[in-house]
Amino acid sequence: MPRDEIQNSGTTTFGVPRKFNKSILAFFGAFIIFSGSYIVYILRDHQCMYWDGGQYQSIGCNEKVNGATIIALDTSRLAHLKRITNLSSITINDIGKIYYSKVYGKVEFYTTGGENPNDSHKRLLPMTKYMYDKYVPHK
């Protein structure tokens with residue numbers, strides 16, 4: 001059907017009568033608003049995190065965990081910062097790529113740098129050859 005005939009027939013290109021255009025637009029607008037609100041509600045519920053001793057866990061900001069400090073959600077730290085418990089998995093190629101912290105004489109290794117999850121006043125430092133030789137068991 002030619003374009004000028006479609007305009008005269010009272011239907012759109014897709015065969016929907018013109019009187020329904022506003023209804024269709026209103027439906028899709030309401031759907032987008034509802035979907036967006038739901039997504040924001042779900043994401044808002046877990047806007048904090050806590051350190052469980054091995055990695056960060058997401059949590060609602062008004063929830064409590066015994067002995068844990070609840071902090072604002074950092075999605076990068078949540079996804080990537082983990083404590084390395086198997087020291088034999090650390091190789092010489094990991095020098096400068098993994099991080100460590102020494103608190104009260106105890107050394108712990110982590111997958112990324114930044115703030116120490118156990119003591120926010122200390123930073124995680126890149127592992128050096130010296131730290132590798134002294135604290136990592138060699139095969």
Inset, instruction - Would you mind reporting whether Ile84 and Ser89 have side-chain heavy atoms less than 4.5 Å apart? - result: yes

Legend entry - Co-members of Phe31 in a cluster of I, L, V, M, F, W and Y side chains, linked at under 4.5 Å: none

Inset, instruction - Sequence neighbours left out, what passes salt bridge (Lys or Arg N to Asp or Glu O under 4.0 Å) with Lys64? Give chain and number order. - result: none

Inset, instruction - Please name the pair of heavy atoms, one in Ser58 and one in Leu78, separated by the smallest distance, quoted to 0.1 Å. - result: N-CD1, 3.7 Å

Legend entry - Among Lys82, Lys97, Arg83, side chain to side chain contact (heavy atoms under 4.5 Å, CB included) partner for Thr111: Lys82

Legend entry - Residues in side-chain hydrogen bond (donor to acceptor under 3.5 Å, both in side chains) contact with Gln57, at least two apart in sequence or another chain: Asp52

Legend entry - Partners meeting salt bridge (Lys or Arg N to Asp or Glu O under 4.0 Å) with Lys134 (sequence neighbours left out): none

Legend entry - Side-chain touch Arg123/Asn116, heavy atoms, less than 4.5 angstrom: no

Legend entry - Which residues share a side-chain hydrogen bond (donor to acceptor under 3.5 Å, both in side chains) with Lys102, sequence neighbours left out: Tyr135

Inset, instruction - May I ask you to test the Val136-Phe109 pair for a side-chain heavy-atom distance under 4.5 Å? - result: yes

Inset, instruction - Using the test side-chain hydrogen bond (donor to acceptor under 3.5 Å, both in side chains), find all partners of Glu108 that sit at least two apart in sequence or belong to another chain. - result: Lys106, Tyr110, Asn118

Legend entry - Where at least one partner belongs to residues 53-72, residue pairs that pass ring pair (Phe, Tyr, Trp, His ring centres under 6.0 Å), sequence neighbours excluded: Trp51-Tyr56

Inset, instruction - Any chance you could measure Cys61, atom SG, to Ile70, atom CD1, to the nearest 0.5 Å? - result: 8.5 Å

Legend entry - Shared hydrophobic cluster, Val107 / Tyr130 (ILVMFWY, side-chain heavy atoms < 4.5 Å): yes

Legend entry - Note, Thr112 side chain near Arg77 side chain (heavy atom, < 4.5 Å): no

Legend entry - Residues which pass ring-ring contact (aromatic ring centres under 6.0 Å, His included) with Tyr100, listed by chain and number, not counting sequence neighbours: none

Inset, instruction - Looking only at non-hydrogen atoms, find the nearest pair between Met127 and Thr91 and report the distance. - result: CE-O, 4.3 Å

Inset, instruction - Using the test ring-ring contact (aromatic ring centres under 6.0 Å, His included), find all partners of Tyr50 that sit at least two apart in sequence or belong to another chain. - result: none

Inset, instruction - Could you list the residues that satisfy salt bridge (Lys or Arg N to Asp or Glu O under 4.0 Å) with Asp133, not counting sequence neighbours? - result: Lys129

Inset, instruction - State which residues pass side-chain hydrogen bond (donor to acceptor under 3.5 Å, both in side chains) with Asn86; sequence neighbours excluded, sorted by chain then number. - result: Ser88

Legend entry - Co-membership, hydrophobic cluster, residues Val103 and Met131, 4.5 Å side-chain: no

Legend entry - Point-to-point distance, once rounded to the nearest 0.5 Å, from CG of Asp94 to OH of Tyr99: 11.5 Å

Legend entry - Partners meeting side chain to side chain contact (heavy atoms under 4.5 Å, CB included) with Thr75 (sequence neighbours left out): Leu73

Legend entry - For the student: nearest non-hydrogen atoms of Leu124 and Leu81, plus distance: CD1-CD1, 3.9 Å

